[in-house]
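Numbered from 1 within each chain, the chains take letters A, B, ... in sequence-line order.
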There are 2 protein chains.
Amino acid sequence: MGTTGQLAAVPEPKYWHLRTVLLRAIDTEFSTGQVLPNERELSARFGVARATLRQALDQLELEGRLVRRRGIGTLIAAPRVGVPVNRHEEGWPGTARSQAWRTVDCTTAPATARLAKALGIAEGATVHTVRRVRLVQGQNMATESLHVPAAALPHLPGFRAESDRARSVLRQLERLEVDGESRAVELGVAEAEEAALLERPPGSPVLVMTTQYAAAGRLVALAVSTYRADTCKLTFGEAGVVEVTPVGAPVGAATGAAAEVRTAS
Amino acid sequence: MGTTGQLAAVPEPKYWHLRTVLLRAIDTEFSTGQVLPNERELSARFGVARATLRQALDQLELEGRLVRRRGIGTLIAAPRVGVPVNRHEEGWPGTARSQAWRTVDCTTAPATARLAKALGIAEGATVHTVRRVRLVQGQNMATESLHVPAAALPHLPGFRAESDRARSVLRQLERLEVDGESRAVELGVAEAEEAALLERPPGSPVLVMTTQYAAAGRLVALAVSTYRADTCKLTFGEAGVVEVTPVGAPVGAATGAAAEVRTAS
DNA sequence: CAGTGGTCTAGACCACCAA
DNA sequence: TGGTGGTCTAGACCACTGT
């Protein structure tokens with residue numbers, strides 16, 4: 001970024017060209033955690049309006065390359081964290097490192113039309129909903145709403161305090177023999193409470209993962225998880241693949257490198 | 001949207017409030033394919049600058065609720081298409097409905113440092129790369145670069161024309177007994193050629209899926225796929241889950257409904 | 001051609017943070 | 001308090017679309 005940033009007259013928009021220039025600078029002249037010059041200076045240096053510069057920064061932030069902090073500055077982001085979303089590794093309550101999840105609250109209420117349809121139950125049927133937050137490296141990385149029809153948990157003890165009920169629901173769920181899950185992943189934005197739980201402003205991009213858990217041919221749970229898209233990379237592992245040794249290196253070792261192939265090559 | 005759009009003094013930004021108002025209008029007063037009033041009229045109606053209105057529309061477009069077409073207008077988007085990304089259903093070359101993929105080109109070249117690391121092979125080793133485009137309902141929904149070390153395809157016939165070579169690589173790949181795959185999904189933006197293949201402007205959000213295929217303990221292929229985030233919802237099915245009948249409805253039937261649970265309950 | 005969204009500008013003020 | 005990013009404005013011009 002030593003140049004004064006000449007922006008030749010090109011057919012592509014200025015902000016896109018700017019993004020490219022900045023991206024190269026990030027890759028070659030900066031490292032994680034460093035702060036970029038402030039927006040007013042950058043826009044002056046490149047001879048564009050601040051709004052145009054910000055459009056370029058918006059792109060780079062969406063790509064997870066920058067983090068902007070009000071009052072602080074614009075920093076180079078750390079590479080995205082690979083977050084395993086396999087039930088047997090992380091997702092299912094109580095399994096192994098389940099400390100990663102922190103229960104926020106738990107409600108028991110009749111299903112709305114929407115929820116009933118998604119769970120394949122009658123509208124108004126009782127459903128337990130556990131909201132949780134997933135912590136990765138001490139950071140809130142995801143929120144989840146876990147919906148479980150009361151009918152799927154026949155042995156649930158009677159009324160309890162909210163935190164106890166949440167525990168009970170999760171424990172009962174563990175005992176079911178879940179024999180399959182089907183998932184969907186799409187792009188979304190964090191709204192009010194969700195955004196607050198993720199410690200991000202409303203409108204922040206998230207990866208929305210919808211998981212249906214089946215046991216004995218029945219749909220026993222529906223989880224809707226929202227992962228911070230800026231810092232997360234969802235990884236779907238298969239037990240069969242991990243730990244084998246390919247031509248040169250273990251498959252696991254290549255996992256990190258694989259995601260970087262797309263850029264520049 | 002009958003009101004003149006009073007924007008009370010609220011702690012939240014105008015564009016976010018606007019988004020909420022527009023979202024409700026979209027849900028209640030418009031249907032797929034309808035065109036919204038133009039930006040200048042909308043901004044006047046809500047008493048904000050056009051740039052502010054556009055910020056709200058940007059959000060709704062990111063959520064896949066709107067489609068903006070230059071020269072035409074802003075339309076209500078169709079619900080996202082669920083795209084199966086299971087190897088046995090769609091992903092693997094030649095399997096079942098493989099007509100869905102159209103080969104763009106095929107190159108054979110020494111691996112760059114980056115690619116070599118991701119494939120676990122030596123830098124400079126020969127790698128076949130097949131670029132394909134995935135068609136869903138006649139639309140280009142994804143691009144893919146499939147990297148295969150030449151060493152993994154010992155029986156590949158000698159030199160051929162490009163299109164023939166692509167076919168050969170895919171066919172050889174089918175014959176391998178792939179016994180596992182591991183995936184990662186993250187948010188990205190479409191760059192130049194990629195954007196062109198997806199028929200979207202540069203900078204459009206995409207879901208980047210990185211898949212490693214293993215056979216006999218070796219990493220035999222690396223696929224980097226970019227799916228249009230505006231119109232795609234990636235679905236990961238499991239053979240075990242589909243076609244069972246839960247309490248009220250088949251699991252499959254609930255798949256579409258599940259994704260809508262997040263909004264408004 | 002007239003109408004649409006896409007880009008860009010120059011400036012203002014606000015909310016937040018560190019010192 | 002001074003500096004940062006976040007929001008908002010009013011206006012201009014461009015690129016693309018259909019008639």
Side-chain angles (χ1 to χ4, degrees), chain A residues 5 7-20 22 33-62 65-77 189-190 195-196 199-204 230, chain B residues 5 7-20 22 33-62 65-77 189-190 195-196 199-204 230:
Chain A
L7 292 176
V10 279
E12 67 187 357
K14 278 187 188 177
Y15 78 87
W16 185 253
H17 185 221
L18 245 184
R19 167 205 168 267
T20 306
L22 288 170
Q34 274 194 294
V35 305
L36 248 52
N38 73 55
E39 297 183 349
R40 287 161 181 90
E41 173 172 344
L42 279 179
S43 57
R45 192 186 304 191
F46 287 104
V48 300
R50 193 177 152 218
T52 303
L53 172 77
R54 281 182 58 81
Q55 225 178 325
L57 296 181
D58 285 344
Q59 286 282 346
L60 292 167
E61 195 178 26
L62 197 66
R65 304 302 305 265
L66 294 179
V67 179
R68 294 193 272 186
R69 297 211 194 132
R70 190 192 304 222
I72 304 288
T74 302
L75 330 178
I76 312 299
V189 304
E199 300 165 331
R200 300 261 30 186
S204 306
D230 56 345
Chain B
L7 291 178
V10 278
E12 67 187 358
K14 278 187 186 176
Y15 78 87
W16 186 253
H17 185 221
L18 245 183
R19 167 205 168 265
T20 307
L22 289 170
Q34 273 193 295
V35 306
L36 248 51
N38 72 57
E39 296 183 350
R40 288 162 181 88
E41 173 173 345
L42 279 179
S43 57
R45 191 186 304 189
F46 287 103
V48 300
R50 194 178 151 217
T52 304
L53 172 78
R54 280 181 59 80
Q55 225 177 326
L57 296 181
D58 285 344
Q59 287 282 347
L60 292 166
E61 195 179 26
L62 196 66
R65 304 301 305 264
L66 294 179
V67 179
R68 294 193 273 187
R69 297 209 196 135
R70 189 192 310 221
I72 305 288
T74 302
L75 329 179
I76 311 299
V189 305
E199 299 165 331
R200 301 261 27 183
S204 305
D230 55 345

**Report entry** A:Arg54 side chain, from C-beta outward: closest of D:dG6, C:dG5, D:dT9
**Finding:** D:dG6
Report summary line: To the nearest angstrom, the NE2-C1' distance between B:His17 and D:dC8 comes to 16 Å
Report summary line: note: A:Glu61, atom CD; D:dG5, atom P; distance rounded to Å ~ 11 Å
Query - Atom-pair distance (CG on B:Leu75; C1' on D:dT17), nearest Å - result: 12 Å
Report summary line: From the candidates C:dT7, C:dG5, D:dG5, the one with an atom nearest any side-chain atom of A:Glu39 is D:dG5
Report task. Of all the heavy-atom pairs spanning B:Tyr15 and B:Thr52, show the shortest one and how long it is. Result -> CB-O, 3.8 Å
Report summary line: One should read off an interatomic distance between A:Arg68 CZ and A:Leu36 CG, to the nearest 0.5 angstrom, of 10.5 Å
Report task. Specify the separation, in whole Å, of atom CG of A:Leu42 and atom C1' of D:dT4. Result -> 12 Å
Query raised in the report: In whole Å, what is the span from the CD atom of A:Glu12 to the P atom of D:dA15?
Result: 14 Å
Table of protein N/O atoms under 3.5 Å from nucleotides 14-18 of chain C N/O atoms:
residue : atom : partner : partner atom : Å
C:dA15  : O4'  : A:Arg70 : NH1          : 2.9

Report task. Ignoring backbone atoms, test whether B:Tyr15 places a side-chain nitrogen or oxygen under 4.0 Å from the OP1 or OP2 oxygen of D:dC8. Result -> no
Query raised in the report: Between CG of B:Leu53 and CG of B:Leu57, what distance do you get to the nearest 0.5 Å?
Result: 4.5 Å
Report summary line: Taken to the nearest whole Å, CH2/B:Trp16 to P/D:dG6 is 15 Å
Query raised in the report: Closest heavy-atom contact between A:Leu22 and A:Ala56?
Result: CD1-CB, 4.3 Å
Query - Separation between CZ of B:Arg69 and OG1 of B:Thr74, rounded to the nearest 0.5 Å - result: 10.5 Å
Query raised in the report: Does a side-chain N or O from A:Thr74 land closer than 4.0 Å to OP1 or OP2 of D:dG5, or not?
Result: yes
Query raised in the report: CD of A:Glu12 to NE2 of A:His17: how many Å apart, nearest 0.5 Å?
Result: 5.5 Å
Requested in this report: Measure the distance from CG on A:Asp58 to C1' on D:dG6 and round it to the nearest whole Å.
Outcome: 10 Å
Report task. To the nearest Å, give me how far apart CG (B:Leu66) and P (C:dT4) are. Result -> 16 Å
Query raised in the report: Is there a donor on the side chain of B:Arg69 or the base of C:dG6 sitting less than 3.5 Å from an acceptor on the other?
Result: no
Query - B:Asn38 vs C:dT4: side-chain N/O to OP1/OP2 distance below 4.0 Å - result: yes
Report task. Report the C-alpha distance between B:Glu61 and B:Asp230 in whole Å, list the side-chain angles of each, state the deciding distance to 0.1 Å, and finish with yes or no for side chain to side chain contact (heavy atoms under 4.5 Å, CB included). Result -> CA-CA 7 Å; B:Glu61 195 179 26; B:Asp230 55 345; 6.0 Å; no
Query raised in the report: Given that A:Thr52 and B:Arg50 both sit by DNA chain C, which one's nearest nucleotide is further toward the 5' end?
Result: B:Arg50
